[in-house]
*Asks:* 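Pasting in a structure now, in structure tokens, and then I'll have a few things to ask.
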Amino acid sequence: MVFGLAAPRDFVLKRDVCSYGYFLLAPNRWLPREGALERVFSASGRVVTARVTQARRGGELKVALSRSVSKSERERIGAGLSRMLRLDEDAAHVRAFHTLDPRWKASGRARLFRSPTFFEDVIKTVTSCNVTWPSTIQMNRRLCEVVGGGAFPSADQLARTRVQTLRARCRVGYRDARIVELSRMVARGEVDPGWFEDPGRSDEEVRAALMELPGIGPYAANNILQLLGRYAHIPLDTESVRHGRAVLGLTGSAASVMKKVRAHFAPFGSQMFRSYWFEMWAHYEKKAGPSWTWETERTAKTFTASGMK
DNA sequence: GGTAGACCTGGACGC
DNA sequence: GCGTCCAGGTCTACC
């Protein structure tokens with residue numbers, strides 16, 4: 001079963017998929033040789049794999065499903081892929097970023113890969129806190145295998161999962177209770193993804209609400225903001241400190257380097273995160289080659305703050 | 001408002 | 001093969 005998805009005229013699949021680490025996390029799979037993105041979805045209780053390819057820049061995306069699904073399921077998968085690839089960020093939106101930071105005009109870098117749902121972005125962010133990258137890869141792989149049956153688990157599925165199961169089988173450590181509680185809040189409707197996705201709300205309003213969620217601190221809240229398309233905050237972590245020291249030549253304690261990194265990127269205002277991120281990404285690519293050649297297992301061995309020094 | 005220490009996992013290292 | 005150390009944000013208690 002094959003269907004098409006219209007892409008913005010500047011859209012390049014390999015560049016725009018391989019723009020943020022989540023493209024390496026289950027149930028996503030980037031195939032470097034084929035230049036294709038594979039993603040497992042759940043449809044009517046069964047898994048289905050979507051394979052996305054693009055023949056030329058700006059051309060329609062071809063989505064091949066591993067089995068047939070209903071029209072409504074196909075539309076849901078299409079909407080999920082559109083969110084992941086930020087197809088709503090058109091060429092004019094990209095130009096606005098490049099006007100503020102022309103360094104990325106030549107490469108066209110602007111879109112940042114994300115998940116098909118707000119819920120998955122939140123859980124993925126929790127699995128990236130206080131762990132090295134290989135553990136984040138493992139946690140997402142096991143959440144999909146153990147709870148989601150191959151796909152990323154829904155809020156309902158995770159809400160019904162025992163805390164002990166998450167710890168013992170998914171190896172999420174002390175994040176177990178936080179993940180279950182978060183999932184229950186979404187499953188019960190206490191946390192409404194639509195509220196967070198509403199562009200009418202201010203950054204500060206959304207950030208404050210995120211900080212109320214279990215397992216979400218300043219770093220995670222700022223990261224979820226960028227995943228929501230709000231780029232005026234930087235999730236400062238040990239990577240920021242490494243980048244500040246190694247690339248920007250900043251000195252001092254970790255806390256003072258973080259403050260200096262924030263001040264360094266402040267002139268980019270509403271686009272601060274993207275300027276920061278693509279600068280770091282360029283540094284990774286300098287070390288490890290173009291991101292669309294990366295394979296999950298290789299990044300698991302090299303992508304840590306200490307490993308990228 | 002700022003800070004110390006606990007929370008888990010997995011990899012690196014020394015023996 | 002075993003023990004120890006370390007990296008990595010959030011949360012709570014305390015000053």
Side-chain angles (χ1 to χ4, degrees), chain A residues 20-22 24-26 115 119-147 158 161-186 191 196 204 206-228 233-246 250 252-262 273 276-277 280-281 283-284 287-288 294-309:
Chain A
Y20 191 68
Y22 290 5
L24 295 160
L25 298 180
S115 304
F119 174 71
E120 183 176 331
D121 273 338
V122 171
I123 299 298
K124 277 190 157 57
T125 298
V126 171
T127 66
S128 73
C129 288
N130 200 29
V131 279
T132 51
W133 183 242
S135 294
T136 303
I137 291 174
Q138 279 303 325
M139 282 184 223
N140 279 276
R141 186 175 290 158
R142 285 167 166 156
L143 282 172
C144 294
E145 283 171 4
V146 175
V147 188
L158 273 171
T161 306
R162 285 165 36 149
V163 169
Q164 298 88 325
T165 304
L166 283 188
R167 181 172 296 212
R169 298 187 59 199
C170 302
R171 313 296 291 168
V172 299
Y174 64 86
R175 297 162 198 79
D176 54 0
R178 295 173 191 176
I179 289 174
V180 170
E181 185 52 27
L182 258 170
S183 305
R184 285 182 180 157
M185 291 168 84
V186 174
V191 169
F196 288 89
E204 289 318 314
V206 175
R207 187 171 187 276
L210 288 168
M211 294 275 286
E212 291 293 312
L213 302 178
I216 307 298
Y219 163 82
N222 287 0
N223 193 54
I224 296 167
L225 281 180
Q226 70 86 2
L227 292 164
L228 286 168
H233 297 263
I234 296 178
L236 291 163
D237 61 0
T238 50
E239 280 289 279
S240 321
V241 176
R242 180 203 56 73
H243 186 75
R245 288 188 175 136
L250 303 175
S253 67
S256 80
V257 169
M258 280 194 191
K259 280 185 186 166
K260 289 173 186 171
V261 168
R262 191 190 292 117
F273 175 76
Y276 159 81
W277 182 257
M280 292 225 301
W281 205 246
H283 177 74
Y284 295 158
K287 296 266 180 187
W294 300 350
E295 306 206 26
T296 305
E297 295 314 317
R298 186 159 62 94
T299 69
K301 291 188 176 68
T302 55
F303 279 42
T304 59
S306 51
M308 293 300 277
K309 270 178 191 158

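Chain identifiers are assigned alphabetically (A, B, ...) following the order of the sequence lines, protein sequences preceding nucleic acid strands; residue numbering begins at 1 within each chain.
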*Asks:* If you take atom types as modelled and just measure distance, does the side chain of A:Tyr219 reach the base of C:dG8 with a donor-acceptor pair under 3.5 Å?
*Replies:* no

*Asks:* Quick one: list whatever passes ring pair (Phe, Tyr, Trp, His ring centres under 6.0 Å) with A:Tyr20, sequence neighbours left out.
*Replies:* A:Tyr22, A:Trp277

*Asks:* Rounded to whole Å, please give me the gap between CZ in A:Arg178 and P in C:dT10.
*Replies:*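 Rounding to the nearest Å, CZ of A:Arg178 and P of C:dT10 are 9 Å apart.
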
*Asks:* Please report, rounded to the nearest Å, how far the P atom of C:dG8 is from the CH2 atom of A:Trp133.
*Replies:* 14 Å

*Asks:* Starting at atom OH of A:Tyr174, determine the distance to atom P of B:dG10, rounded to an integer number of angstrom.
*Replies:*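 Between P of B:dG10 and OH of A:Tyr174: 13 Å.
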
*Asks:* How many Å lie between CD1 on A:Ile224 and P on C:dT10, as a whole number?
*Replies:*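 Answer to the nearest Å: 9 Å.
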
*Asks:* If you only use heavy atoms from C-beta on, which nucleotide in C:dG9, C:dT10, B:dT9 is closest to the side chain of A:Thr238?
*Replies:* C:dG9

*Asks:* For A:Leu210 and C:dT10, give me the distance from atom CG to atom P, rounded to whole Å.
*Replies:*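 Computing the A:Leu210:CG to C:dT10:P distance gives 12 Å.
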
*Asks:* Rounding to a whole Å, what distance do you find between A:Met211:CE and C:dT12:P?
*Replies:*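 Interatomic distance, CE of A:Met211 to P of C:dT12: 12 Å.
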
*Asks:* Quick check on DNA chain B: between A:Arg171 and A:Asn130, whose nearest nucleotide comes earlier from the 5' end?
*Replies:*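 Whichever sits nearer the 5' end wins; that is A:Asn130.
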
*Asks:* Tell me whether A:Arg242 is salt-bridged to A:Glu239, with the criterion being a basic N under 4.0 Å from an acidic carboxylate O.
*Replies:*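 A:Glu239 and A:Arg242: salt-bridged.
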
*Asks:* Under 4.0 Å between a side-chain N or O of A:Arg175 and OP1 or OP2 of C:dG8?
*Replies:*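 For A:Arg175, the contact criterion (side-chain N or O under 4.0 Å from OP1 or OP2 of C:dG8) is not met.
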
*Asks:* Please give, in whole Å, the distance from C:dG9 C1' to A:Leu213 CG?
*Replies:*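 Rounded to whole Å, this separation is 15 Å.
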
*Asks:* Does A:Arg171 have any salt bridge (charged side-chain N to carboxylate O under 4.0 Å, His left out) partners at least two apart in sequence or in another chain, and if so, which?
*Replies:* none

*Asks:* Does atom CZ of A:Arg169 have more than 12 heavy-atom neighbours, drawn from other residues, nucleotides or ligands, at distances under 6.0 Å?
*Replies:*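 No, because the 6.0 Å sphere around CZ of A:Arg169 holds 12 heavy atoms or fewer from other groups.
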
*Asks:* Does OP1 or OP2 of B:dC8 have a side-chain N or O of A:Ser135 closer than 4.0 Å?
*Replies:*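 Answer is no, no contact under 4.0 Å.
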
*Asks:* Send over the distance from A:Ile137 CD1 to C:dA7 P, rounded to a whole Å.
*Replies:*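 In whole Å, C:dA7 P and A:Ile137 CD1 are 20 Å from each other.
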
